Amino acid sequence: MTDSWANFGADLHLDLSAGRGRRAGLVEALREAARSGRLAPGTRLPSSRSLAVDLGMARNTVADAYAELVAEGWLTARQGSGTRVAERARPRPGKAAGAVPVRRPERRGPSYSLVPGTPDLSGFPRAAWLAAARRALTHAPNDAFGYGRDARGRVELREALAEYLARVRGVYADPERIVLCAGFVQGLKLMSRVLRARRVREVAVEGYGLNVHRDVLAAAGLRMRPLPVDGAGARTEDLAGAGAVLLTPAHQFPTGAALTPARRAAAVDWARRTGGLILEDDYDGEFRYDRQQIGALQGLDPDRVVYLGTASKALAPGLRMGWLVLPAGLVEEVLAVKGRAEWTSSALDQLTLAEFVRSGAYDRHVRGMRQRYFRRREALVAAVGERVTAVSGISAGLHAVLDLPAGTEGPLVQAAAWHSLSLTGLSYYRHPEADMPARDALVVGYGTPPDSAWGATLAALAAVLP
């Protein structure tokens, strides 16, 4: 066989069979390309002159091959539009004789969702992001289009984040101690591998939390010990024996409790005394409504706390943008497990976010979304406040906890599903080995629906509650 390349706007490999004449081989190769779909219907073929040059054939040979395929209906030729692959009806799948067609029920997702963990994606600042992307692309250095040399990520974004996190979250963030990653889960995977390499065997986790985070720790071979969670956050006085702890101190997920100063101090004292590490998940620290911002735990001891942040709640999870602010002695260990094979989001997206932060657009967007979520929270409390036992966890974040009478959580979640409303109960987030009193509640992500669906979603929730 002789393989030759012809330029069809994109390179297409034509298999010209040996033993056939040049014309016959070309006819069969084009016919097979059209039959298999490698040449899609409507694709414009090159002129006979161009293809003849590409294949080293006489022009008349190519013209005759085209004419034969036009006659067979594989190609069409019109004056002014060139030669194209014909639009051909595809055969329908055959049916066995006597077979009775089976109608499968149409599967539809819920019409409304109040599942927490996602911001209002309709609020993504498209125009401002596009403007930042244009500026970033205009001024991007040439090496931004290469493979990249620094596994920590683009220095422009690390510098912008260092200034922003220090100003807004009270984080000590030297750009050299920041490693960019593709979101919180990848950051946790990196830290899990570091902990394993350090021979850590047990990590304390909060009694309420996300299964996906626990799965990451388990996949690294780390045992987990759940800490009881109450109105003061996780019981950090129970950390003895653990080598590390994963906490959401500013706004415990999902209960919404803020870790008290005494328990913050207990966690830091434990880390200093034992050499343990605190992994701080600051997933929604920018969204606080009722009192002054609570700074990040990392500010109390930057050498014992690993700060993990993302743009998932403030902007959108689809950006796949996260960061670790590391103790100085941990940077090389994280880079060693990250390596050159496990990179992060694209360099151009990093440069765009850097420009977005430096220009003040990030601050403006967060302020605008904070007002939107505050109004939703107020509407939620007004709509359900007298129909549930209590509403808690609402001083910050994008979700609220609606406490319910004992034994009613499961039936209400099922009733919501019947009303095409997606809800999760607090028990869904409970660690199976957590030693805590039972608590029936709904975790309502009021930040999730788009603005256009918020009113109907709230009405659907009100219809479900007794």
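Computation of the quantities below employed the complete heavy-atom set of this structure, encompassing side-chain atoms and omitting hydrogens, waters and symmetry-equivalent molecules. Please read these numbers as outputs of a predicted model, since none were measured by experiment.
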Problem set entry | Whether Arg225 side chain and Val203 backbone form a donor-acceptor pair below 3.5 Å | no
For this session: Would you sort out whether Glu286 and Tyr164 count as a side-chain hydrogen bond (donor to acceptor under 3.5 Å, both in side chains), showing the intermediate values?
Result: CA-CA 11 Å; Glu286 291 138 317; Tyr164 175 82; 2.8 Å; yes
Problem set entry | Audit row: Ser346, Asp349, side-chain hydrogen bond (donor to acceptor under 3.5 Å, both in side chains) steps and yes/no | CA-CA 5 Å; Ser346 80; Asp349 284 341; 3.3 Å; yes
For this session: For Asp440 and Gly407, indicate whether the former's side chain and the latter's backbone hold a donor-acceptor pair under 3.5 Å.
Result: yes
For this session: Answer yes when Asp303 and Arg272 have at least one side-chain N-carboxylate O distance shorter than 4.0 Å, and no when they do not.
Result: no
For this session: For the pair Tyr428 (side chain) and Val443 (backbone), establish whether a donor and an acceptor sit closer than 3.5 Å, ignoring hydrogens and angles.
Result: no
Exercise. Can you tell me how far the CG atom of Leu222 sits from the CZ atom of Arg214, to the nearest 0.5 Å?
Worked result: 14.5 Å
Exercise. Taking side chain as C-beta onward, heavy atoms only, is Leu442 less than 4.5 Å from Leu426?
Worked result: no
For this session: Check for a donor-acceptor pair, side chain of Glu156 on one end and backbone N or O of Leu351 on the other, with a separation under 3.5 Å.
Result: no
For this session: Decide yes or no on salt bridge (Lys or Arg N to Asp or Glu O under 4.0 Å) for Asp451 and Arg376, but give the supporting numbers first.
Result: CA-CA 10 Å; Asp451 255 0; Arg376 290 192 186 184; 2.8 Å; yes
Exercise. How far does OG of Ser395 sit from CZ of Phe287, to the nearest 0.5 angstrom?
Worked result: 14.0 Å
Exercise. Heavy atoms, side chains only, cut-off 4.5 Å: are Arg304 and Val268 in contact?
Worked result: no
Problem set entry | Between Tyr429 and Thr424, a side-chain donor and acceptor under 3.5 Å | yes
Problem set entry | Closest non-hydrogen atom pair, Thr310 against Trp323 | C-CH2, 3.4 Å
Problem set entry | Separation of Leu315 CG from Leu353 CG (nearest 0.5 Å) | 6.5 Å
Problem set entry | N-O pairing of Lys313 and Asp120 below 4.0 Å | no
Tabulate below the donor-acceptor pairs under 3.5 Å that side-chain atoms of residues 226-233 make, not counting sequence neighbours, or state none.
residue : atom : partner : partner atom : Å
Asp230  : OD1  : Ala232  : N            : 2.9
Asp230  : OD1  : Arg263  : NH1          : 2.8
Asp230  : OD2  : Arg263  : NH2          : 3.0

Problem set entry | Short side-chain to backbone donor-acceptor contact, Lys189 and Val216, under 3.5 Å | no
Exercise. Stepwise, does the salt bridge (Lys or Arg N to Asp or Glu O under 4.0 Å) test hold for Arg375 with Glu378?
Worked result: CA-CA 5 Å; Arg375 291 192 296 268; Glu378 295 297 282; over 6 Å; no
Problem set entry | Verdict with supporting geometry, Val306 and Leu330, side-chain contact (heavy atoms from CB on, under 4.5 Å) | CA-CA 9 Å; Val306 176; Leu330 208 60; 3.6 Å; yes
For this session: Look at the aromatic rings of His213 and Phe184 and report parallel, tilted or perpendicular, splitting at 30° and 60°.
Result: tilted
Exercise. Going through the distances and angles, do Glu206 and Gln252 end up as a side-chain hydrogen bond (donor to acceptor under 3.5 Å, both in side chains)?
Worked result: CA-CA 9 Å; Glu206 296 167 326; Gln252 201 283 322; 3.1 Å; yes
For this session: Would you check if the side chain of His431 reaches a backbone N or O of Glu433 as a donor-acceptor pair within less than 3.5 Å?
Result: yes
Seminar exercise, completed: Of all heavy-atom pairs linking Pro119 and Ser312, the shortest is CG-O, 3.3 Å
Exercise. Between Leu324 and Gly187, which heavy-atom pair has the shortest distance, and what is it?
Worked result: CD2-O, 3.8 Å
Problem set entry | Under 3.5 Å donor-acceptor, Arg177 side chain and Leu326 backbone | yes
Seminar exercise, completed: Here the gap from Thr236 atom OG1 to Ile278 atom CD1, rounded to the nearest 0.5 Å, amounts to 8.5 Å
For this session: Calculate, to the nearest 0.5 Å, the distance between atoms CG and OG belonging to Asp403 and Ser392 respectively.
Result: 4.5 Å
Exercise. Is a side-chain N or O of Glu409 found less than 3.5 angstrom from the main chain of Ala441, in a donor-acceptor match?
Worked result: yes
Exercise. Should Glu202 and Val245 count as side-chain neighbours, where that means a heavy-atom distance under 4.5 Å?
Worked result: no
Problem set entry | Non-hydrogen side-chain atoms of Leu114 and Thr448 separated by less than 4.5 Å | no
Problem set entry | Other residues, nucleotides, ligands: >12 heavy atoms within 6.0 Å of Phe124 CZ | yes
For this session: Kindly determine whether His399 and Phe253 satisfy ring-ring contact (aromatic ring centres under 6.0 Å, His included), including the steps that lead there.
Result: CA-CA 9 Å; His399 71 273; Phe253 185 87; 5.2 Å; yes
For this session: For the residue pair Val200 and Leu277, establish whether any side-chain heavy-atom pair is separated by less than 4.5 Å.
Result: no
Exercise. Does any N or O in the side chain of Arg430 come within less than 3.5 Å of the main-chain N or O of Met436, such that one atom is a donor and the other an acceptor?
Worked result: yes
Exercise. Would you call Asp435 and Arg235 a salt bridge, using N to O less than 4.0 angstrom?
Worked result: no
For this session: Could you go through the side-chain hydrogen bond (donor to acceptor under 3.5 Å, both in side chains) check for Tyr112 and His419 one step at a time?
Result: CA-CA 9 Å; Tyr112 310 107; His419 284 78; over 6 Å; no
Problem set entry | Minimum-distance pair of heavy atoms, taken over all atoms of Leu217 and Val205 | CD1-CG1, 3.7 Å
Seminar exercise, completed: Between Ala250 and Arg169, the two heavy atoms sitting closest are CB-NH2, 3.8 Å
For this session: Check step by step if salt bridge (Lys or Arg N to Asp or Glu O under 4.0 Å) holds for Asp150 and Arg158.
Result: CA-CA 12 Å; Asp150 195 337; Arg158 290 187 283 114; 3.2 Å; yes
For this session: Starting at CZ of Phe374, measure out to CD1 of Ile394 and round the result to the nearest 0.5 Å.
Result: 9.5 Å
Exercise. For Tyr289 and Tyr373, what are the C-alpha separation, side-chain angles and deciding distance, and is it a side-chain contact (heavy atoms from CB on, under 4.5 Å)?
Worked result: CA-CA 9 Å; Tyr289 311 114; Tyr373 295 139; 3.2 Å; yes
For this session: Taking Thr408 for its side chain and Leu404 for its backbone only, find out whether a donor-acceptor pair lies under 3.5 Å.
Result: no
Exercise. Does the side-chain contact (heavy atoms from CB on, under 4.5 Å) test come out yes or no for Leu300 and Val305, once each step is laid out?
Worked result: CA-CA 8 Å; Leu300 294 179; Val305 180; over 6 Å; no
Exercise. Passes side-chain contact (heavy atoms from CB on, under 4.5 Å), Val391 versus Val401? Steps please.
Worked result: CA-CA 6 Å; Val391 181; Val401 179; over 6 Å; no
Atom pairs and distances, side-chain donor-acceptor, residues 130-141, under 3.5 Å, sequence neighbours left out:
residue : atom : partner : partner atom : Å
Arg135  : NE   : Glu355  : OE2          : 2.7
Arg135  : NH2  : Glu355  : OE2          : 3.2
Thr138  : OG1  : Arg134  : O            : 2.7

Problem set entry | Candidates Ile178, Leu157, Val179 - the one meeting side-chain contact (heavy atoms from CB on, under 4.5 Å) with Arg152 | Val179
Problem set entry | Nearest atoms (heavy-atom pairs only) where Gly285 meets Asp282 | CA-OD1, 3.6 Å
